[in-house]
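Down below is the structure, laid out as structure tokens.
We use all heavy atoms of the structure for the numbers below, so side chains are in, but hydrogens, waters and symmetry mates are not.
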Amino acid sequence: MEENKYTFENPEFKNTYRHTTSHILAQAVKRLYPEVKLAIGPAIENGFYYDFDAPFAITPEILEKIEAEMRKICKEKIKLERFELPRKEAIKFMEEREEPYKVELINDLPEDAVISFYKQGDFTDLCAGPHLDSTGRVKGNAIKLTSCTGAYWRGDSNRKMLQRVYGTCFMKKDELDAYLARIEEAKKRDHRKLGKELGLFMLTEEGPGFPFFLPKGMVLKNTLIDYWREVHKKYGYVEVSTPMILNRQLWETSGHWFHYKENMYTTVIDGEDYAIKPMNCPGGMLVYKSEPHSYRDLPLRVGELGLVHRHELSGALHGLFRVRCFTQDDAHIFCTPDQLAGEIRQCLGIVKTIFGTLGMTDYRVRLSMRDPESDKYVGSPENWDKAEQALREAAEWLGADYSEEAGEAAFYGPKIDFHVRDCLGRTWQCGTIQLDMNLPERFDLTYVGADNERHRPVMIHRVVFGSIERFIGILTEHFAGAFPLWLSPVQVKILPIGAEHEEYARRVYDALDKAGLRAEVDARNEKIGYKIRQAQLEKVPYMLVVGDKEREDGTVAVRSRKAGDLGVSALSDFIAKVVEENDTKAL
């Protein structure tokens, strides 16, 4: 690690570098616009920001001037010096500089807090640090101010709206250029933009956070669900559906009423409190309890594609990534302690199979374990040891890179999370395998063992997609809307050259439909070049152009979304090729 100490491979150094750059931003603003008041300026995941109280709007033109001044400050190689002041002197220091936000921050510090400042030439800021030793350590040509948005002071909507300037920086200009290129590509791939253009889904003011799936989006969603069912049937799962609304008593038993109520939608029916389910688990408990079980019945693998509702703040909503209702591809597995390791391994196999089919093979695994010093966890230490060791062995069997995070387990059990990397290098948490030693206890779940005594089953909560809606958003951006054939809402577009070729185009459509392929005929009175361009914009995998010759010979002129003109093919040969591509779920 020593060789990476002063690179972005070291998260601590990266944060220090970017936090220093935020101070350079503040210094540049104060040089150019001394009347601006300073708020806060931390490092964040992809760069940094600083909040300003300015008597004017910070426009893109102003951002360019500030950025140029930042580069000058980097070239000046100004030394950064830390010093401390007693509380009264610190307050006076900032009052003299007419910085009211800094005065408020000092006043809110604990009585015994060390109040430190960093000076860089003509600029001084209140800050705990740490920082680089010189502005010259920051590469001026690898800085980019990206945007300016509104932000309430201290996140309080009752306080003043400030202007937040976002930026990013790297240690080399080519790293910045690569990052900005990825950002531009991400904008093109934005699932909200593509969802509208491709007719997949829509979001409305009448239902913020409640997505509407359109016909083509439903084809995509149902195709994913059909595949989910196909895989789970192979692995011995049964499927259930539990009610969307259940009474308060159930949610009190599960603990959600006391610990999750602020995220739940509630209602009153016949004078009794009910809740719209935010999770499928409590209903799954009732399914298990509906009949007695023997050890011979286990493992019992129960899947549910349940629609759940969770209250999210309006500011947190984001396309399909953060919604208020979504379909969760849950599974609840009830097994004996001796079956646990095998069941976890099978769950990992399902995740690996599904992600592999989708071409998402770049992922890392995170194990969330208990803190042995804490007493917050339910269940015996022996069961925890067995559960955690089962997770380790399963992760090793999977062969993926994994890390262990002590103290990150839920109070009711350890878990495995999958963090999938997409084609732009972004990481998404998707699959989760969670062991639960709490709900079986709360709901008094039992099975009769070989000794004819009652025993508590071990329970596994498990999702692959997590939220199917969110996963569709991830897939849309990963594939830039150009889904593989088997997922494409329209797989083949048939393009008759003239009106006289429409009848043959309809016969081609019937043959494709009979073979189980999704096709459309574009019979509009438009030139063939226009139709081809439209089909390309719609990201249809195959286009079949039909005219006089094709009609006479029973052929089709094939164009591919990826490879362009593929020449003329017998219709039967084309169908056989595409059916094979569809059935094998080729990428």
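- Looking at Val231 and Ile354, their side chains come closer than 4.5 Å, going by heavy atoms from C-beta outward.
- Separating the CE atom in Met264 from the NE2 atom in His311 is a distance of 13.0 Å, to the nearest 0.5 Å.
- Under the 4.5 Å side-chain criterion, counting only non-hydrogen atoms from C-beta, Leu424 is in contact with Arg426.
- Counted by atom type alone, Asp125 and Tyr50 present one or more donor-acceptor pairs between their side chains at under 3.5 Å.
- Side-chain contact, Gln328 with Ser467: no donor N or O sits under 3.5 Å from an acceptor N or O.
- Side-chain contact annotation: Lys352 with Thr361, donor-acceptor N/O pair under 3.5 Å absent.
- A cation-pi arrangement is absent between Arg324 and Tyr265, since the terminal nitrogen or guanidinium carbon is not both under 6.0 Å from the aromatic centre and inside a 45° cone about the axis.
- Between Phe201 and Phe212, a ring centre-to-centre spacing not shorter than 6.0 Å is recorded.
- Applying the ring pair (Phe, Tyr, Trp, His ring centres under 6.0 Å) rule to Tyr118 yields the partners His131; only residues at least two apart in sequence or on another chain are considered.
- At a cut-off of 3.5 Å, with distance as the only test, no side-chain donor of Ser241 or Glu304 sits close to an acceptor on the other residue.
- For Tyr227 and Thr357, the side-chain atoms include at least one donor-acceptor pair closer than 3.5 Å.
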Does the ring pair (Phe, Tyr, Trp, His ring centres under 6.0 Å) test come out yes or no for Phe321 and His318, once each step is laid out?
CA-CA 6 Å; Phe321 290 161; His318 180 73; 5.5 Å; yes
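- Annotation: Tyr33 is not in aromatic contact with Phe52 [ring centroid separation under 6.0 Å not met].
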